[in-house]
Amino acid sequence: MTRSLLPEWVRRLAAHEARMLKSFGLWITRRQYQVQPGERAFGYASPQAAMVYGLAFVCVVETIGVSFLVRDWPAVHAVLLFLDVYTVVQVLGIQVTAVTRPHVLTPDTLRLRAGARVDLAVPLTHIAAIRRELKFQGAGGTVPDDVLELSVGSQTSLTVELTEPLTHVQLLGKRREVTVVRFHADESGELAKALRAVVA
């Protein structure tokens with residue numbers, strides 16, 4: 001079997017970019033990624049929406065301004081225009097991937113997502129406790145190594161404690177064992193209620 005000449009981190013970044021671009025297609029057609037009939041989807045993108053769209057607007061204004069300033073240098077204009085447009089796509093991709101890749105509760109698994117970066121499958125049999133608690137990123141000091149924090153808008157609203165460690169693979173391939181997951185859901189009360197019902 002032929003091994004790829006590209007380092008693993010490059011392949012992982014390329015795969016992440018592909019997932020992000022695919023999410024634009026899902027967003028345009030108002031579909032969600034891998035949410036099957038009978039499964040419940042829970043969004044989490046609301047806290048970051050205003051910030052992302054505001055930043056995208058600033059990037060668009062900056063693109064127009066820079067294009068005007070370098071209009072007499074075609075080569076420079078083309079390069080900067082490409083980089084600026086790509087930056088706008090990246091910024092919008094933060095929200096687009098979050099909208100199209102929600103958390104999903106299946107009959108036997110809770111899939112926790114963070115855009116195109118994280119897709120952690122938590123077996124319901126591994127859940128020991130579910131708590132609704134609002135936590136702000138960095139407010140409680142250093143996050144322990146066994147805690148996975150999937151904050152949105154620098155906040156989480158639900159905490160799930162596990163009966164045994166799960167392996168979380170980070171974007172560039174680093175692995176670590178987690179026993180607690182903190183994440184956000186726009187309808188945190190509904191998700192907590194649904195989880196307690198199926199876990200019980």
Side-chain angles (χ1 to χ4, degrees), residues 12-13 15-36 39-67 81-106 109-122 130-140 143 147-160 168 170-172 178 180-195:
R12 285 184 167 274
L13 281 179
H16 176 266
E17 294 294 294
R19 291 193 296 271
M20 181 193 68
L21 294 175
K22 181 179 179 180
S23 293
F24 276 93
L26 296 172
W27 185 54
I28 292 169
T29 56
R30 297 183 177 275
R31 291 182 295 146
Q32 294 176 318
Y33 180 70
Q34 291 186 353
V35 180
Q36 305 301 325
E39 299 177 347
R40 296 185 64 181
F42 293 88
Y44 53 86
S46 293
Q48 68 182 19
M51 179 193 70
V52 171
Y53 291 132
L55 183 57
F57 175 76
V58 170
C59 290
V60 169
V61 172
E62 186 263 349
T63 298
I64 296 171
V66 170
S67 294
L81 181 61
F82 171 80
L83 292 175
D84 285 340
V85 171
Y86 186 70
T87 299
V88 173
V89 170
Q90 288 286 317
V91 171
L92 287 176
I94 296 171
Q95 183 69 5
V96 168
T97 55
V99 169
T100 57
R101 294 168 179 266
H103 305 311
V104 183
L105 180 59
T106 77
T109 304
L110 173 64
R111 290 183 68 177
L112 297 175
R113 291 162 163 170
R117 295 181 299 107
V118 178
D119 193 340
L120 179 69
V122 180
I130 307 107
R131 294 193 305 275
R132 286 185 69 194
E133 53 183 5
L134 183 62
K135 287 185 173 290
F136 291 94
Q137 194 173 28
V143 178
V147 176
L148 175 61
E149 214 171 47
L150 305 177
S151 61
V152 181
S154 300
Q155 70 180 35
T156 61
S157 56
L158 286 164
T159 298
V160 168
H168 166 55
Q170 298 178 358
L171 179 60
L172 299 183
V178 298
V180 175
V181 185
R182 297 174 187 158
F183 62 100
H184 174 72
D186 295 338
E187 297 177 323
S188 58
E190 286 297 313
L191 179 51
K193 181 180 177 181
L195 271 177

**Student:** Please check if the side chain of Tyr44 supplies one atom and the backbone of Gly115 the other of a donor-acceptor pair under 3.5 Å.
**Tutor:** yes
**Student:** Can you tell me if Glu187 has over 12 outside heavy atoms packed within less than 6.0 Å of its CD?
**Tutor:** no
**Student:** For Pro47 and Gln155, which heavy atoms make the closest approach, and how far apart are they?
**Tutor:** CG-NE2, 3.8 Å
**Student:** Working to the nearest 0.5 angstrom, can you tell me the gap between Ile130 CD1 and Thr159 OG1?
**Tutor:** 11.0 Å
**Student:** Applying the side-chain hydrogen bond (donor to acceptor under 3.5 Å, both in side chains) test to Asp119, which of Arg101, Arg19, Arg111 qualifies?
**Tutor:** Arg111
**Student:** Between Ser151 and Thr156, which heavy-atom pair has the shortest distance, and what is it?
**Tutor:** CA-CG2, 3.7 Å
**Student:** How would you list, by chain and number, every residue that makes a side-chain contact (heavy atoms from CB on, under 4.5 Å) with Gln90, sequence neighbours excluded?
**Tutor:** Glu17, Met20, Tyr86
**Student:** Nearest 0.5 Å, please: how far is CG in Leu172 from NE2 in His16?
**Tutor:** 10.0 Å
**Student:** Does the side chain of Leu150 reach to within under 4.5 Å of the side chain of Arg182, using non-hydrogen atoms?
**Tutor:** no
**Student:** Should Ser157 and Glu133 count as side-chain neighbours, where that means a heavy-atom distance under 4.5 Å?
**Tutor:** no
**Student:** Within this structure, what is the CG-CD distance for the pair Leu148 and Gln170, rounded to the nearest 0.5 Å?
**Tutor:** 8.5 Å
**Student:** Under a 4.5 Å cut-off applied to non-hydrogen side-chain atoms, are Val104 and Thr106 in contact?
**Tutor:** yes
**Student:** Do Leu171 and Leu13 have side-chain heavy atoms sitting under 4.5 Å apart?
**Tutor:** yes
**Student:** Evaluate the side-chain proximity of Asp84 to Cys59: yes if any heavy-atom separation is below 4.5 Å, no if none is.
**Tutor:** no
**Student:** Roughly how far, to the nearest 0.5 Å, is the OG1 atom of Thr87 from the CZ atom of Phe82?
**Tutor:** 9.5 Å
**Student:** Check the pair Gln48, Gln95 against side chain to side chain contact (heavy atoms under 4.5 Å, CB included), reporting the backbone distance first and the verdict last.
**Tutor:** CA-CA 7 Å; Gln48 68 182 19; Gln95 183 69 5; 3.1 Å; yes
**Student:** More than 12 foreign heavy atoms under 6.0 Å from OH of Tyr53: is that the case here?
**Tutor:** yes
**Student:** Determine whether Asp186 and Phe42 make a side-chain contact, defined as any pair of heavy atoms from C-beta on separated by less than 4.5 Å.
**Tutor:** no
**Student:** Of the non-hydrogen atoms in Val91 and Ala56, which two are nearest, and what is the gap between them?
**Tutor:** CG1-N, 3.8 Å
**Student:** Any chance you could measure Thr109, atom OG1, to Glu39, atom CD, to the nearest 0.5 Å?
**Tutor:** 8.5 Å
**Student:** Using side chain to side chain contact (heavy atoms under 4.5 Å, CB included), reason through Thr100 and Lys22 one step at a time and then give a plain yes or no.
**Tutor:** CA-CA 10 Å; Thr100 57; Lys22 181 179 179 180; over 6 Å; no
**Student:** Report, as yes or no, whether the 6.0 Å neighbourhood of atom CZ on Arg117 holds more than 12 heavy atoms from other residues, nucleotides or ligands.
**Tutor:** no
**Student:** Test Arg31 against Leu26 for side chain to side chain contact (heavy atoms under 4.5 Å, CB included), laying out the working first.
**Tutor:** CA-CA 5 Å; Arg31 291 182 295 146; Leu26 296 172; 3.8 Å; yes
**Student:** Stepwise, does the side chain to side chain contact (heavy atoms under 4.5 Å, CB included) test hold for Val147 with Val178?
**Tutor:** CA-CA 5 Å; Val147 176; Val178 298; over 6 Å; no
**Student:** Report the distance from atom CD1 of Ile28 to atom OG of Ser23, rounding to the nearest 0.5 Å.
**Tutor:** 11.0 Å
**Student:** So do Thr97 and Trp27 actually touch side chain to side chain, heavy atoms under 4.5 Å?
**Tutor:** no
**Student:** Donor-acceptor pair, His103 side chain versus Phe183 backbone, under 3.5 Å?
**Tutor:** no
**Student:** Are any of the side-chain heavy atoms of Val122 and Leu112 separated by less than 4.5 Å?
**Tutor:** yes
